[in-house]
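As structure tokens, the structure follows; a few thoughts come after it.
Here is the naming used below: chain letters follow the sequence lines, and residue numbers restart at 1 for every chain.
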Number of protein chains: 2
Amino acid sequence: MSSSIDEAGLPATTARQTAARRRKVPPEVRHEDKRLAILRIAAQLFAQHGYEATSLDMIGEQLGMHKATLYHYIKNKEEVLYFCLVKSFENIDEVVERMQDRSVPTLERLRYFARSLAHAQNSDFGRCLVMVGLRPLTNEASVDIRRFQRKLDKTVRDLVTEGIASGELKPVAPPLFSAMLFGMFNWVPQWFDANGKFSIDDVVDTFMNTVINGAAATPRR
Amino acid sequence: MSSSIDEAGLPATTARQTAARRRKVPPEVRHEDKRLAILRIAAQLFAQHGYEATSLDMIGEQLGMHKATLYHYIKNKEEVLYFCLVKSFENIDEVVERMQDRSVPTLERLRYFARSLAHAQNSDFGRCLVMVGLRPLTNEASVDIRRFQRKLDKTVRDLVTEGIASGELKPVAPPLFSAMLFGMFNWVPQWFDANGKFSIDDVVDTFMNTVINGAAATPRR
DNA sequence: CCTACCGATCGGTAGG
DNA sequence: CCTACCGATCGGTAGG
């Protein structure tokens, strides 16, 4: 049984709409849509089975096309992972910029960052990032991805440094605080059950309440 | 260049000691030692390259033996991972028992748990557990490992429940607190640099100070 | 402990 | 003449 491309993330379409689309939508756009559908399915399979254990045949099967056909849209398997990871950072600039608005209290910005991070890492591409990572990539490809990661890390470290300077945060090593934050949120896809009793926002609120206010009932020095 | 078995985790031995050992140590023990060396090297390579990207040839090469020879000590590749994961939990009972000593304050037990967890996950077998996980295992093999994981998770959840009841901890959903704690420590092998400026104990102290007392300079409701 | 292989499947590409 | 796609097979390597 094979899923249609539409099920892969594009809006659902009827046969009539598909026909209309075929008449009206330029070929480049159809090509780009199909490419995106491939990336989304690949991201799901990579996150589920790992990079090496996912064959191009499996990706093709999910899309109802043969493996050879994939090569009209992609260069090779590694490039597929590369673009999945790039896409996992697609909203990064917006978030990073909001973190620099000093009119908002540091802790409020930190909560916003956590919420953005948690939702990003629990999307198809974000799950691919945290479950697979960049280990399968060659060095040349992984430097690009590492640049995104360093940018996010620096954003948190700067926020912490700023919060300590302003007296909003207790003194703490910014690299360790940042690593702690990414660790707890990057691990969420390993255990989170979308059908369970907690939502992603529940997770964000619980984690951030604890990190900001502490788990101890009586605050200690 | 191939590492000797001794470099793989056994005590260093001179050629003379090896000869003496060959005379005195029973064959079963030598066999078991070699098997452990295989597991340790495998755990390192699995953590570094992933399970599928690590071939049995690579493991053999590091040990100075051919792939076929490995099969005198192991059944198959999956069994190697299985025992690496089992070994990653070898000190679990001792830690779990100490967590049940109610004469020690909850927060103190929690700090001890975190320290044990952090050190365990940054050993060869622990890194294999958190970097590879149990995804490559068949269902039959992975249930055993999941039992260990649930036992650790339950230990934390029980500790949290107990701390809330005794008034030592603020109310918090125990499963989420547990997931947060494992997430931040399980992620450490992804970024930790043994030659960097922080030690594992620095990481534990910073993480636990923040989780227990909060990052905010002024405690908030 | 090694040489010599196997059935299968991998990523990637040929001609049409 | 182009796009999109097929059946078949390439060279290499996996676990065993």
Side-chain angles (χ1 to χ4, degrees), chain A residues 2-6 8 10 18-19 21-39 41-42 45-46 48-84 132 135-138 141, chain B residues 2-5 8 18 22 27-28 30-35 37-39 41-42 45-46 48-84 132 135-138 141:
Chain A
S2 66
S3 315
S4 77
I5 291 164
D6 298 320
L10 266 39
T18 302
R21 179 177 172 75
R22 197 155 283 156
R23 267 179 270 113
K24 288 187 218 150
V25 178
E28 321 86 73
V29 175
R30 285 214 312 269
H31 189 275
E32 196 48 41
D33 284 352
K34 214 148 210 174
R35 184 183 155 83
L36 184 61
I38 291 170
L39 292 181
I41 290 288
L45 292 174
F46 287 161
Q48 192 178 348
H49 303 106
Y51 176 76
E52 288 87 356
T54 302
S55 68
L56 291 172
D57 279 318
M58 291 164 70
I59 297 172
E61 193 188 6
Q62 286 290 312
L63 290 153
M65 57 174 86
H66 288 96
K67 178 175 63 176
T69 311
L70 292 174
Y71 282 85
H72 283 95
Y73 304 97
I74 64 168
K75 204 182 90 194
N76 54 41
K77 192 185 180 184
E78 188 193 352
E79 195 215 52
V80 173
L81 176 60
Y82 173 79
F83 281 112
C84 285
V132 177
R135 192 216 59 210
L137 298 180
T138 57
Chain B
S2 67
S3 316
S4 77
I5 291 165
T18 302
R22 196 154 286 154
E28 322 83 73
R30 286 214 314 269
H31 190 274
E32 196 49 41
D33 284 353
K34 216 148 208 173
R35 184 183 154 85
I38 292 170
L39 293 180
I41 290 287
L45 291 173
F46 288 161
Q48 191 177 349
H49 304 105
Y51 176 77
E52 287 87 357
T54 301
S55 68
L56 290 172
D57 278 319
M58 292 164 69
I59 297 171
E61 195 188 6
Q62 286 291 311
L63 290 155
M65 57 174 86
H66 289 118
K67 177 174 64 177
T69 311
L70 294 174
Y71 281 85
H72 283 93
Y73 304 97
I74 64 168
K75 204 183 90 192
N76 55 41
K77 191 184 180 185
E78 188 192 349
E79 193 216 52
V80 174
L81 176 60
Y82 172 79
F83 281 113
C84 285
V132 177
R135 191 217 60 213
L137 298 180
T138 56

Nearest-angstrom distance from the residue atom [atom1] of [X] to [atom2] of [N]:
{"X": "A:I74", "N": "C:dT13", "atom1": "CD1", "atom2": "C1'", "result": "13 Å"}
{"X": "A:I38", "N": "D:dA4", "atom1": "CD1", "atom2": "P", "result": "11 Å"}
{"X": "A:L70", "N": "D:dA4", "atom1": "CG", "atom2": "P", "result": "14 Å"}
{"X": "A:Y82", "N": "C:dG11", "atom1": "OH", "atom2": "P", "result": "21 Å"}
{"X": "B:L81", "N": "D:dG15", "atom1": "CG", "atom2": "P", "result": "13 Å"}
{"X": "B:E52", "N": "D:dG16", "atom1": "CD", "atom2": "C1'", "result": "17 Å"}
{"X": "A:D57", "N": "D:dC6", "atom1": "CG", "atom2": "P", "result": "12 Å"}
{"X": "B:M65", "N": "C:dC2", "atom1": "CE", "atom2": "P", "result": "8 Å"}

Looking at B:Y51, does the NZ or CZ of B:K77 lie under 6.0 angstrom from its six-membered ring centre and within 45 degrees of the ring axis?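 Pair B:K77/B:Y51 counts as cation-pi.
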The side chain of [X] is closest to which nucleotide in this list: [options]?
{"X": "B:A68", "options": "D:dC5, D:dG15, C:dC2", "result": "C:dC2"}
{"X": "A:L56", "options": "D:dG15, C:dC2, C:dG11", "result": "C:dG11"}
{"X": "A:Y71", "options": "D:dG16, C:dC1, C:dG12", "result": "C:dG12"}
{"X": "A:K67", "options": "C:dC2, C:dG11, D:dG15", "result": "C:dG11"}

Can you check whether B:Q48's main-chain N or O pairs, donor with acceptor, with A:R135's side chain at less than 3.5 Å?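 No: the side chain of A:R135 does not pair with the backbone of B:Q48.
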Between [N] and [M], how far apart are the two [atom1] atoms, rounded to whole Å?
{"N": "D:dG12", "M": "C:dA8", "atom1": "P", "value": "22 Å"}
{"N": "D:dG11", "M": "C:dT9", "atom1": "C1'", "value": "13 Å"}
{"N": "C:dA4", "M": "D:dG16", "atom1": "P", "value": "22 Å"}

Looking at D:dG16, does its base get a donor-acceptor pair with the side chain of B:K77 below 3.5 Å?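 Per atom types, no contact qualifies.
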Base D:dC6 paired with A:H66 side chain (donor-acceptor, <3.5 Å):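 Answer is no: no donor-acceptor pair is held.
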Both A:A53 and A:K75 contact DNA chain C. Which one's nearest nucleotide lies toward the 5' end?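 The residue mapped nearer the 5' terminus is A:A53.
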Heavy-atom check, side chain of A:V80 versus side chain of A:Y73, under 4.5 Å: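 Not touching, per the 4.5 Å side-chain cut-off.
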For residues A:H72 and A:K34, determine if any side-chain heavy atom of one lies less than 4.5 Å from a side-chain heavy atom of the other.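 In short, these two side chains do not touch, never coming nearer than 4.5 Å.
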Counting only side-chain nitrogens and oxygens, does A:T69 get under 4.0 Å of the OP1 or OP2 atom of D:dC6?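 For D:dC6, OP1 or OP2 has a side-chain N or O of A:T69 closer than 4.0 Å.
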Apply the side chain to side chain contact (heavy atoms under 4.5 Å, CB included) test between B:E78 and each candidate in B:L81, B:I74, B:N76; give the one that qualifies.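 When side chain to side chain contact (heavy atoms under 4.5 Å, CB included) is applied between B:E78 and each of B:L81, B:I74, B:N76, only B:N76 qualifies.
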